[in-house]
Amino acid sequence: MFNKRRSFIISVAGSLASGFALAQKPSQNLVLDSDPSAIALGYVSDVKKIDTNKFPQYALGQNCAVCTLFQGTAKDTDAPCLAFGGKAVTSKGWCSAWVKKG
Ligand code: SF4
């Protein structure tokens with residue numbers, strides 16, 4: 001009895017962990033803030049890291065998720081970006097090529 005219950009709990013925990021890992025798994029081809037192309041466009045993977053002195057055009061509410069060059073849906077945490085040749089950017093990121101999704 002104890003072993004069956006223990007096995008069940010381990011099985012459920014394993015399923016939840018793998019499901020969470022799949023849901024949170026970042027793209028393999030993610031642009032890094034330190035990539036030369038990212039630096040050139042002022043890309044940051046989180047808008048909280050924007051240097052607004054360097055990029056005064058940034059306005060609150062702008063991020064990759066609402067940029068026309070972001071190739072994902074509203075649910076995606078990352079998706080390919082046309083400005084980076086299809087490499088993925090985070091939905092909460094931003095760069096100086098931002099264009100409001102129409
Ligand atoms: Fe994000 Fe748009 Fe810049 Fe791509 S072009 S990194 S989607 S802000």
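For this chain, numbers begin at 1 and follow the sequence in order. In each ligand, atom 1 is the first atom listed, and ligand 1 is the first ligand listed.
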Checklist entry - Mind checking what makes side-chain hydrogen bond (donor to acceptor under 3.5 Å, both in side chains) contact with Ser45, not counting sequence neighbours? => result Asp33, Lys49

Checklist entry - Does Leu69 reach the side chain of Phe84, with side-chain heavy atoms less than 4.5 Å apart? => result no

Next on the checklist: Within this structure, what is the CG-SG distance for the pair Leu30 and Cys81, rounded to the nearest 0.5 Å?
Outcome noted: 11.5 Å

Checklist entry - Would the number of heavy atoms belonging to other residues, nucleotides or ligands and lying under 6.0 Å from NZ of Lys92 be above 12? => result no

Next on the checklist: Within the structure provided, determine whether Thr90 and Tyr43 are in side-chain contact (heavy-atom separation under 4.5 Å).
Outcome noted: yes

Next on the checklist: Restricting to under 2.8 Å, identify the protein N, O or S atoms around atom 2 (Fe) of ligand 1 as residue plus atom.
Outcome noted: Cys67 SG

Checklist entry - Do Val47 and Gln62 have side-chain heavy atoms sitting under 4.5 Å apart? => result no

Item to check | Phe84: numbered ligand 1 atoms lying under 4.0 Å from its heavy atoms | outcome: 6 (S)

